[in-house]
Amino acid sequence: MYQKFEITPFTQFRQQYFNNLREQSCLLPALEELCGGWTQETLKSILQKLTKKNQAPLPLFFDSSQAMDSISNKKQALATVFQQFDSRGIGRIDATELFSVMLLLSTGEVSQIFYNIAVIFGSDKTNHITSDEFFFFIDCLFRGISKVLICKGENKPINLNKRLNDQDINKFMQQIFKGQQKVNKDELYASVKQSQQLFEFIEYISISMQTSMEYTRQQSLLMMKITMEVKKLMAQMLSQIDGTAKK
């Protein structure tokens, strides 16, 4: 039997995650490997590939890690991420959960991230994002972060099937859209700032994710440097041994 979502108020999400993410590395390691070095432009180019340069809609789901090959050639990381996002055991994952998380972890200014949210989750035919479209993004985002974020004192994500309740999302939409049906895509950043708690939460999660990605990248570079130095030292030692034997 498939696991159900745990409908959760924003106060509980905030209590679990806000100012409580593990220092240095707070993300699922396979996701850090998969998206290492990504910027907002990297993500946009990947989404362009998935949509055949906007000739097709973004996929709403993936039914296997092989179906995600357009995202990356890191097959093991893709398989692990797929398994993590299929936390309810239904044999497929919600692609929009994954894309919403990728938007926040890819390097870029918060204002640029919100613009790209509007572009990716808003209608292609207008210069606006509607309250329904942004409602959908927030729903996807909160489902996604529960699968990938690691809190202080933990070594992996916990409570994977949490979902933000509709009442809190509707409250945020009222604060952001102020009774209007839509806002300009380039105004979404300023509009979301009117919902202070939501904006602070998303900003904190995004900065923490990007910091985690950079820390892991630096650790990988350090390990590569150490490996090269060890190989160089071993080559020198072997050369000295060989030279001594010939004498």
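With C35 as the fixed residue, the side-chain contact (heavy atoms from CB on, under 4.5 Å) test singles out one of L43, I46, L105: L105.
In terms of heavy atoms, L141 sits closest to S100 at CA-OG, 3.4 Å. Considering every non-hydrogen atom in both R22 and C26, the closest pair reads O-CB, 3.3 Å. Y204 and N20 make their closest contact through OH-N, 3.1 Å (heavy atoms, listed as atom of the first residue, atom of the second, distance). Nearest approach of I129 to I117, heavy atoms of both residues: CD1-O, 4.3 Å. Minimum heavy-atom separation, K152 to N19: NZ-O, 3.5 Å. Of all the heavy atoms in L34 and S72, the pair that sits closest is CD1-CB, 3.4 Å.
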Going through the checks in order, is the side chain to side chain donor-acceptor pair (under 3.5 Å) test met by K162 and Q16? CA-CA 11 Å; K162 297 172 73 170; Q16 180 174 350; 2.4 Å; yes
Determine whether I145 and F201 satisfy the following criterion, side-chain contact (heavy atoms from CB on, under 4.5 Å), listing intermediate values before the conclusion. CA-CA 12 Å; I145 62 175; F201 184 83; 3.8 Å; yes
Could you check T39 against T42 for side chain to side chain donor-acceptor pair (under 3.5 Å), going step by step and ending with a plain yes or no? CA-CA 5 Å; T39 65; T42 308; 3.1 Å; yes
With side-chain contact (heavy atoms from CB on, under 4.5 Å) as the criterion, how do L21 and I205 come out once you've worked through the C-alpha distance, each side chain's angles and the decisive distance to 0.1 Å? CA-CA 8 Å; L21 294 180; I205 297 297; 4.0 Å; yes
Dump the intermediate steps for side-chain contact (heavy atoms from CB on, under 4.5 Å) on I71 and M102, then the final yes or no. CA-CA 11 Å; I71 294 175; M102 288 175 166; 4.0 Å; yes
The test is side chain to side chain donor-acceptor pair (under 3.5 Å); show your working for Q210 and S206 and say whether it passes. CA-CA 6 Å; Q210 292 184 33; S206 180; 3.3 Å; yes
For E214 and T211: C-alpha separation, side-chain torsions, deciding distance, then whether side-chain contact (heavy atoms from CB on, under 4.5 Å) applies. CA-CA 5 Å; E214 179 60 20; T211 301; 5.8 Å; no
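Around CD of Q48, the count of heavy atoms belonging to other residues, nucleotides or ligands within 6.0 Å exceeds 12. Other residues, nucleotides and ligands contribute over 12 non-hydrogen atoms within 6.0 Å of the CZ atom of F5. Counting non-hydrogen atoms of neighbouring residues, nucleotides and ligands closer than 6.0 angstrom, the CD atom of E200 exceeds 12 such neighbours.
Between E33 and K74 no salt bridge is recorded (no basic side-chain N to carboxylate O distance below 4.0 Å).
Rounded to the nearest 0.5 Å, atoms CD (Q194) and CZ (F177) are 10.5 Å apart.
Proximity of a side-chain donor or acceptor of D86 to a complementary backbone N or O of I90 within less than 3.5 Å is detected. Judged purely by atom type and a 3.5 angstrom limit, S212 has no side-chain atom pairing as donor or acceptor with the backbone of S208. Under a 3.5 Å cut-off, the side chain of T51 and the backbone N or O of P57 do not form any donor-acceptor pair. One N or O on the side chain of T8 and one on the backbone of E6 form a donor-acceptor pair closer than 3.5 Å.
A cation-pi contact, defined as under 6.0 Å to the ring centre and within 45° of the axis, is absent between R14 and F10.
Side-chain contact between K156 and Q84 is absent, with no heavy-atom pair separated by less than 4.5 Å. Contact of the Y115 side chain with the D186 side chain is registered, since non-hydrogen atoms from C-beta on lie closer than 4.5 Å. Within the 4.5 Å cutoff, side-chain heavy atoms of F172 are placed close to those of Q175. D69 is listed as a side-chain neighbour of K75, based on a closest heavy-atom distance under 4.5 Å. Proximity of L103 to Q40: side-chain heavy atoms (C-beta onward) are separated by under 4.5 Å at one or more points. Between L27 and M213 the shortest side-chain heavy-atom distance falls below 4.5 Å. V110 has its side chain within reach of F114: a pair of non-hydrogen atoms, C-beta onward, lies under 4.5 Å apart. At a threshold of 4.5 Å between non-hydrogen side-chain atoms, the residues V148 and F85 count as touching.
Using the six-membered ring where Trp is involved, F62 and F99 have ring planes that are perpendicular, over 60° apart on the 30 and 60° scheme.
The aromatic ring centres of Y189 and F199 sit less than 6.0 Å apart.
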Report, one line per pair, each donor and acceptor closer than 3.5 Å where one atom sits in a side chain of residues 130-140; sequence neighbours left out.
| residue | atom | partner | partner atom | Å |
| --- | --- | --- | --- | --- |
| T130 | OG1 | E133 | N | 3.1 |
| T130 | OG1 | E133 | OE1 | 3.4 |
| E133 | OE1 | T130 | N | 2.9 |
| E133 | OE2 | S123 | N | 3.2 |
| D139 | OD1 | R143 | NE | 3.4 |
| D139 | OD1 | R163 | NE | 2.9 |
| D139 | OD2 | R143 | NH2 | 3.2 |
| D139 | OD2 | R163 | NH2 | 2.8 |

